[in-house]
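Here the structure is laid out as structure tokens; the discussion comes afterwards.
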Amino acid sequence: MLRTYKFRLYPTSEQQEKIRCTLERCRLLYNRLLAERIHTYKTEGKALTYGQQANTFRERKQHIPALKDVHSQVLQDVARRLDKAYQAFYRRVKSGEKAGFPRFKPQSRYDSFTYPQSGFALEGTRLELSKIGPVRIKLHRQLRGAIKTCTITLKNDRYYACLSCEIEAEPLPQTNRQAGVDLGVRQLAATSDGSIFEAPKPLRKSEAKLKRQQKAVSRKQRGSSRRRKAVLRLARQHERVANQRKDYAHQVSRTLVNRYDLIAFEELNVQGMVRNHHLAKTIADAGWSGLVQFVTYKAESAGRQVVRVDPRYTSQCCSTCHHIVKKTLAERIHRCKQCGTTLDRDVNAAINILERAKRQVS
């Protein structure tokens with residue numbers, strides 16, 4: 001299995017300049033390769049491949065000496081990144097989705113480069129990067145497995161290294177317990193056995209501070225250094241909110257994976273749900289997709305099973321007699337007049353989710 005570890009980097013001012021120059025050269029190369037693909041298709045009706053473009057790098061370096069300051073495999077990864085964008089475009093066209101043709105990248109949308117095989121080495125508290133030098137790294141956790149790739153990322157004037165490692169799966173002992181999980185906005189998750197995980201709502205708690213910082217950005221003159229600093233403060237606050245949401249999702253996902261052998265979720269269309277302007281901010285603040293993603297990859301490593309089921313009528317159907325009991329979103333208690341069942345509506349939905357998952361698995 002592949003597991004990615006993210007660590008903070010503390011480059012010197014000279015190393016920061018080299019990283020930014022590498023990013024800029026990769027960005028310009030990406031845009032040039034994209035322009036060549038478009039031109040070739042328009043003039044010759046042919047599509048250039050990754051191999052055809054990668055084979056031109058030796059000649060490009062003779063005409064553009066600045067490319068020699070970038071590791072050769074980093075340049076190859078730029079062409080591979082563009083090829084992946086094209087493959088995703090073709091897939092969306094075939095499946096009838098919104099096509100989304102690959103776009104030219106401005107500086108704000110190109111913030112990472114990758115060493116796919118070599119050019120990097122971890123030596124104590126330093127990460128040796130080809131063409132950049134030994135960069136101080138904060139290893140806040142133990143690395144496991146062999147390092148396969150290294151991606152350097154610049155985000156909000158902070159530098160990070162994402163090390164992708166190949167590790168062995170470590171199955172957890174069986175617990176003989178199963179759970180359906182209902183995701184909500186008032187409480188993040190409710191399980192079929194009655195466990196409740198409260199929603200931390202980090203965005204709501206930071207809303208007042210975000211508003212003040214947004215007003216500070218609006219008051220600054222466009223293009224000024226003070227505006228850039230205000231934008232950076234606002235971006236870092238948004239990053240802090242996202243990190244709080246992610247940290248809590250990791251805690252909840254670890255609890256679920258440790259506790260249950262089978263975990264069932266609803267197959268929710270979150271992108272469609274956030275179009276509801278009354279609930280969009282609350283749904284986005286809950287982070288359902290992130291939680292399901294974390295549970296899925298942790299379950300794969302631990303030998304657990306994750307099942308997704310059809311969400312229709314899970315909240316309205318009685319988990320005891322299967323009678324449909326219509327409820328508004330404001331009604332938080334499920335009361336069935338037919339069989340007398342009374343319990344939390346989210347727990348009732350979680351029981352229905354688990355029953356559907358059992359039928360689906362069997």
Side-chain angles (χ1 to χ4, degrees), residues 88 91-92 95-100 179-192 195-207 210-211 214 238-253 255-257 260 262-299 306-319 322 324-334 343-357 359-360:
R91 176 186 54 78
R92 290 191 293 268
S95 61
E97 302 175 40
K98 185 178 179 181
V181 181
D182 181 69
L183 302 174
V185 291
R186 293 197 178 184
Q187 49 200 27
L188 177 61
T191 65
S192 52
S195 298
I196 302 295
F197 297 94
E198 297 298 332
K201 301 178 181 178
L203 179 61
R204 293 291 186 185
K205 292 178 180 178
S206 301
E207 212 164 18
L210 287 169
K211 284 182 179 180
Q214 183 62 62
H238 275 292
E239 184 182 3
R240 177 180 173 82
V241 170
N243 287 341
Q244 290 173 338
R245 184 183 301 115
K246 194 179 298 183
D247 178 66
Y248 186 70
H250 274 298
Q251 295 177 39
V252 173
S253 62
T255 300
L256 292 173
V257 170
Y260 304 108
L262 183 144
I263 306 166
F265 291 101
E266 296 171 294
E267 188 74 61
L268 296 175
N269 178 17
V270 179
Q271 288 186 342
M273 296 174 72
V274 295
R275 292 172 186 166
N276 181 341
H277 297 294
H278 298 288
L279 295 174
K281 184 182 290 187
T282 306
I283 291 173
D285 196 17
W288 296 338
S289 298
L291 175 60
V292 175
Q293 179 187 358
F294 294 165
V295 171
T296 301
Y297 91 77
K298 286 182 173 69
V306 175
V307 180
R308 301 189 188 187
V309 303
D310 187 348
R312 286 179 292 184
Y313 298 109
T314 52
S315 295
Q316 310 293 341
C317 180
C318 178
S319 58
H322 305 296
I324 299 298
V325 182
K326 294 290 185 179
K327 294 183 284 292
T328 64
L329 284 175
E331 296 179 65
R332 307 312 304 170
I333 301 298
H334 167 78
L343 71 166
D344 185 281
R345 72 173 281 159
D346 293 337
V347 175
N348 175 74
I351 296 172
N352 289 328
I353 293 168
L354 178 59
E355 291 301 319
R356 291 187 185 185
R359 290 196 298 269
Q360 189 169 311

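Bear in mind that the values here come from a model prediction, so they are computed numbers and not experimental data.
In this structure, K205 contributes its side chain and P200 its backbone to a donor-acceptor pair below 3.5 Å. Not one N or O on the side chain of E266 forms a donor-acceptor pair closer than 3.5 Å with the backbone of V309.
Shown here are the salt bridge (Lys or Arg N to Asp or Glu O under 4.0 Å) partners of R204, two or more places apart in sequence or in another chain: E207. Scanning for side-chain contact (heavy atoms from CB on, under 4.5 Å) contacts around E97 gives R91, R92, S95, with sequence neighbours left out. By the salt bridge (Lys or Arg N to Asp or Glu O under 4.0 Å) test, R275 pairs with no residue at all, sequence neighbours left out. For R308, the salt bridge (Lys or Arg N to Asp or Glu O under 4.0 Å) test picks out E267, with sequence neighbours left out. Shown here are the side-chain contact (heavy atoms from CB on, under 4.5 Å) partners of N276, two or more places apart in sequence or in another chain: H278, L279.
The distance from the CE atom of M273 to the CH2 atom of W288 is 4.0 Å, given to the nearest 0.5 Å. Here I353 contributes atom CD1 and S192 contributes atom OG; the two are 9.0 Å apart, rounded to the nearest 0.5 Å. Taking CZ of R245 as the start and CG of L203 as the end, the distance is 6.0 Å to the nearest 0.5 Å. With rounding to the nearest 0.5 Å, the separation of NE2 in H322 from SG in C317 is 6.0 Å. The NZ atom of K201 sits 13.5 Å away from the OG atom of S206 when rounded to the nearest 0.5 Å. Here the CD1-OG1 distance, from I263 to T191, works out to 10.5 Å after rounding to the nearest 0.5 Å.
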### Query
Passes side-chain contact (heavy atoms from CB on, under 4.5 Å), F265 versus V295? Steps please.
CA-CA 10 Å; F265 291 101; V295 171; 3.8 Å; yes
### Task
Step by step, work out the side-chain contact (heavy atoms from CB on, under 4.5 Å) result for S253 and Y248.
CA-CA 9 Å; S253 62; Y248 186 70; over 6 Å; no
### Task
Please report the C-alpha distance between R356 and L354 in whole Å, then the side-chain angles of each, then the deciding distance to 0.1 Å, and finally whether the side-chain contact (heavy atoms from CB on, under 4.5 Å) criterion is met.
CA-CA 5 Å; R356 291 187 185 185; L354 178 59; over 6 Å; no
### Query
Between I196 and E198, does a side-chain contact (heavy atoms from CB on, under 4.5 Å) hold up when you go through it step by step?
CA-CA 6 Å; I196 302 295; E198 297 298 332; 3.6 Å; yes
What side-chain donor-acceptor pairs closer than 3.5 Å can you find for residues 181-189, not counting sequence neighbours?
{"unit_1": "Q187", "atom_1": "NE2", "unit_2": "D346", "atom_2": "OD2", "d": "2.9"}

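Under the 4.5 Å side-chain criterion, counting only non-hydrogen atoms from C-beta, K246 is in contact with F294. The side-chain heavy atoms of D285 and P202, taken from C-beta on, include a pair separated by under 4.5 Å. Between I333 and R345 the shortest side-chain heavy-atom distance does not fall below 4.5 Å.
Here the closest non-hydrogen pair linking S315 and N348 is O-ND2, 3.9 Å. Taking each heavy atom of A350 and A190 in turn, the nearest pair found is CB-O, 3.4 Å. The two residues K327 and V325 come nearest to each other via the heavy atoms NZ-O, 3.2 Å. Considering every non-hydrogen atom in both V306 and A299, the closest pair reads CG2-CB, 3.5 Å.
Exactly one of N352, T314, V347 qualifies for a side-chain contact (heavy atoms from CB on, under 4.5 Å) with S319. That residue is N352.
Using the six-membered ring where Trp is involved, H250 and Y297 have ring planes that are perpendicular, over 60° apart on the 30 and 60° scheme.
Contact check on D344 versus R332 returns no salt bridge, with no Lys/Arg side-chain nitrogen under 4.0 Å from an Asp/Glu carboxylate oxygen.
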